[in-house]
Amino acid sequence: MVRTRFAPSPTGYLHIGGVRTALFNWLFARRHGGQFLLRIDDTDAQRNVEAALAPILHGFRWLGIDWDEGPEVGGPYAPYYQSQRQAGYQIAVDKLLSGGFAYRDYATPEEIQTEREAAQAEKRPFLYSRRWMAETLAERVAFEDQGRQAVVRLKMPREGKLVIDDLVRGQVEFEWAREQDHVVQRADGTCLYHLASVVDDFDFQITHVIRAEEHLSNTPRQIFIAQSLGYSLPAYAHLPYVAEPGSKNKLSKRKLDKYLKNRDFALVNEHGLAIARAMGLETSADTFNPVIVDFYEQVGYLPEAILNYLVLLGWSLDDKTEFLTPAQMVANFSLERVTKAPASFDPKKLWAFQDHTMQQLPLKQKVARMLPYLQRAGLVSTPAPCEVGPKLTRIIEAAGDRLKVLGDIIVYADFFFQDPLRYDEKAFEKNIRKAGAAELLTKLRAVLAGVEPFDVAGLEAALQNFVAGQGIKIGDIIHALRVATTGKAVGPGLYDCLEILGKETCLKRIDQALAQV
RNA sequence: GGCCCCGUCGUCUAGCCUGGUCUAGGACACCGGCCUUUCACGCCGAUAACACGGGUUCAAAUCCCGUCGGGGUCACCA
């Protein structure tokens with residue numbers, strides 16, 4: 001039975017790199033008919049764990065990454081919060097202590113620091129002298145009489161080596177003597193990550209620890225803890241981390257300013273920002289940017305696209321498969337085909353997957369899922385009037401592939417719902433205020449007034465007829481007409497726009513435009 | 001700096017284990033063209049990579065050694 005886990009800290013947001021790690025864990029568990037669980041690493045005491053966790057759980061739900069055990073769903077090994085599992089850690093610490101695998105240490109942080117600096121000055125690797133180690137009661141009393149407080153440290157082996165069989169990296173060797181006597185329990189009795197993680201992984205019967213590469217060098221001490229406690233070891237798989245756009249540095253939320261200098265990243269960010277602003281969303285870079293999964297949900301990316309992009313970031317099925325449904329991912333995922341080198345996050349490629357996924361989405365779905373965006377932007381009231389459905393369907397049909405994300409409907413369709421128009425100044429200047437344009441538009445208005453029925457075919461015929469009569473080309477007038485009726489230089493097919501708008505609105509808008517020349 | 005990991009087009013990758021069919025394949029981006037009322041889509045095309053140096057071998061992207069480069073990690077954070 002395969003059991004994997006992802007262990008987020010409640011930080012208030014879901015990082016794109018974290019999701020990739022979680023996805024691989026989830027995929028691996030599902031592939032082998034096992035369980036995937038969520039454990040909350042909140043040993044670092046902080047307030048408001050629930051509030052900081054909510055966006056993370058929400059992100060997973062949105063992506064369809066479901067967990068069999070963990071917060072909100074419970075499970076046979078509950079609780080799944082490390083802050084609530086301290087009693088178990090205490091038992092483990094006692095066992096480590098009594099087995100001689102750990103010791104009480106009475107050194108102050110400053111004393112340790114002094115030793116460390118001395119080692120550095122002599123250019124030799126630092127190894128704690130264990131001068132303030134207390135293994136007998138007498139030693140403890142002596143130190144405590146000095147007013148000292150004890151932490152519990154691992155008594156790491158100082159000879160021999162460890163060979164890890166990593167499922168992604170193969171055999172990796174470490175010298176025990178390079179490992180530090182890490183603290184596993186603070187003076188106040190709270191336990192630290194490594195201890196907690198190892199104990200929980202065992203308690204939860206985790207069979208495969210799949211995590212990012214930065215944990216590879218933590219593995220020896222974790223294996224030491226596990227072995228000292230008599231645990232059977234899980235299999236380890238260390239994934240390459242997700243790197244910054246165009247670099248090999250680890251992707252980090254904090255370096256957003258740097259990423260914004262990347263053209264593609266900036267483009268994706270700007271696009272999302274425009275949509276978010278139209279909906280009146282909070283868009284501070286701290287909570288809203290392309291490194292955070294929430295960004296994609298808010299803007300209207302499709303979860304399947306994110307998953308598809310992410311699964312191919314460090315894994316491939318073969319030499320040409322680009323598109324996989326979640327079911328196909330589950331059916332084909334394997335750790336053997338995970339890449340070893342870090343992979344740069346490429347927002348443009350994610351965009352391409354989004355484009356493709358959106359094209360696959362049935363029209364009805366698009367209508368149902370885009371409507372809320374119009375409502376949030378205040379372009380359609382809630383509940384939506386009944387004529388909106390058919391109208392929106394026509395609009396989305398006409399817009400076709402131009403709608404890349406659900407939120408694009410706001411940008412592409414606002415003029416269908418908004419009066420008066422806000423003209424794109426540049427376009428207005430170029431196409432309507434240019435010499436002769438107003439005169440031509442006035443004549444065209446008269447023609448349009450007589451078009452019946454006012455539909456794509458009728459409109460097209462009328463326009464063709466008009467330009468022929470005037471001895472001009474269609475390009476000479478159609479741009480002016482577009483700007484006058486839609487306010488923009490770009491958009492869906494013009495005849496479609498005109499038909500959806502209806503004759504009355506079109507004529508009225510042409511008059512308005514003419515009045516502003 | 002110590003330890004560990006990694007190194008194929010700008011980017012994601014296939015190929016590497018089991019040398020030859022690799023004059024290195026696909027995708028995204030970029031550039032050019034077609035389509036076209038704008039934009040987008042679509043289609044066609046072009047440019048573009050085995051980090052370097054030594055071996056081993058009839059033959060190396062693939063095996064070995066070294067160099068260089070990049071990154072991760074060295075907490076009473078997770």
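Chain naming here is simple, since letters A, B, ... match the order of the sequence lines and numbering starts at 1 in each.
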**Request:** Using heavy atoms and a sub-4.0 Å distance, could you list which residues of residues 155-178 of chain A are near RNA chain B? By number, please.
**Result:**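 Listed by number, they are A/R169, A/V172, A/E173, A/F174, A/R178.
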
Shorter than 3.5 Å, N or O on both sides, protein versus nucleotides 61-65 of chain B: list them out with atom names.
none

**Asked** Reckon A/R337 touches a base, only the sugar-phosphate, or nothing at all at heavy-atom distances under 4.0 Å?
**Response**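 If one applies the 4.0 Å heavy-atom cut-off, A/R337 turns out to touch the sugar-phosphate alone, with no base involved.
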
**Message:** Categorize A/S197 for me: base, sugar-phosphate, or nothing, with a 4.0 angstrom heavy-atom threshold over every strand shown.
**Reply:**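 Answer is nothing: A/S197 stays at 4.0 Å or more from every strand.
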
**Request:** Quickly work out the A/L251 CG to B/G72 C1' distance and round it to whole Å.
**Result:**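 Atom CG in A/L251 sits about 15 Å away from atom C1' in B/G72.
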
**Prompt:** Rounded to the Å, how far apart are A/E244 CD and B/C12 P?
**Reply:**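 Rounding to the nearest Å, CD of A/E244 and P of B/C12 are 12 Å apart.
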
**Message:** My understanding is that only residues two or more places apart in sequence, or in another chain, count here; which of them pass salt bridge (Lys or Arg N to Asp or Glu O under 4.0 Å) with A/R482?
**Reply:**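 With neighbours one apart ignored, the set is empty.
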
Mark up [range], 5' to 3', with B wherever a protein heavy atom is under 4.0 angstrom from a base atom, S wherever such an atom reaches only the sugar-phosphate, and - elsewhere.
{"range": "nucleotides 29-45 of chain B", "result": "SS------BBBSS----"}
{"range": "nucleotides 46-51 of chain B", "result": "------"}
{"range": "nucleotides 73-78 of chain B", "result": "S-SBSB"}

**Request:** For the pair A/F265 and A/Y259, name the ring-plane relationship: parallel under 30°, tilted 30 to 60°, perpendicular over 60°.
**Result:**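 A/F265 and A/Y259: perpendicular rings.
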
**Request:** Between B/C30 and B/G10, how far apart are the C1' atoms? Round to whole Å, please.
**Result:** 9 Å

**Message:** For the CZ atom of A/F224 and the CZ atom of A/F174, what is their distance to the nearest 0.5 Å?
**Reply:**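 The CZ atom of A/F224 sits 16.0 Å away from the CZ atom of A/F174.
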
**Prompt:** In Å, rounded to the nearest 0.5 Å, how long is the span from CZ of A/F60 to CG of A/L14?
**Reply:** 5.0 Å

**Asked** Are any of A/S344's side-chain N or O atoms less than 4.0 Å away from OP1 or OP2 of B/U11?
**Response** no

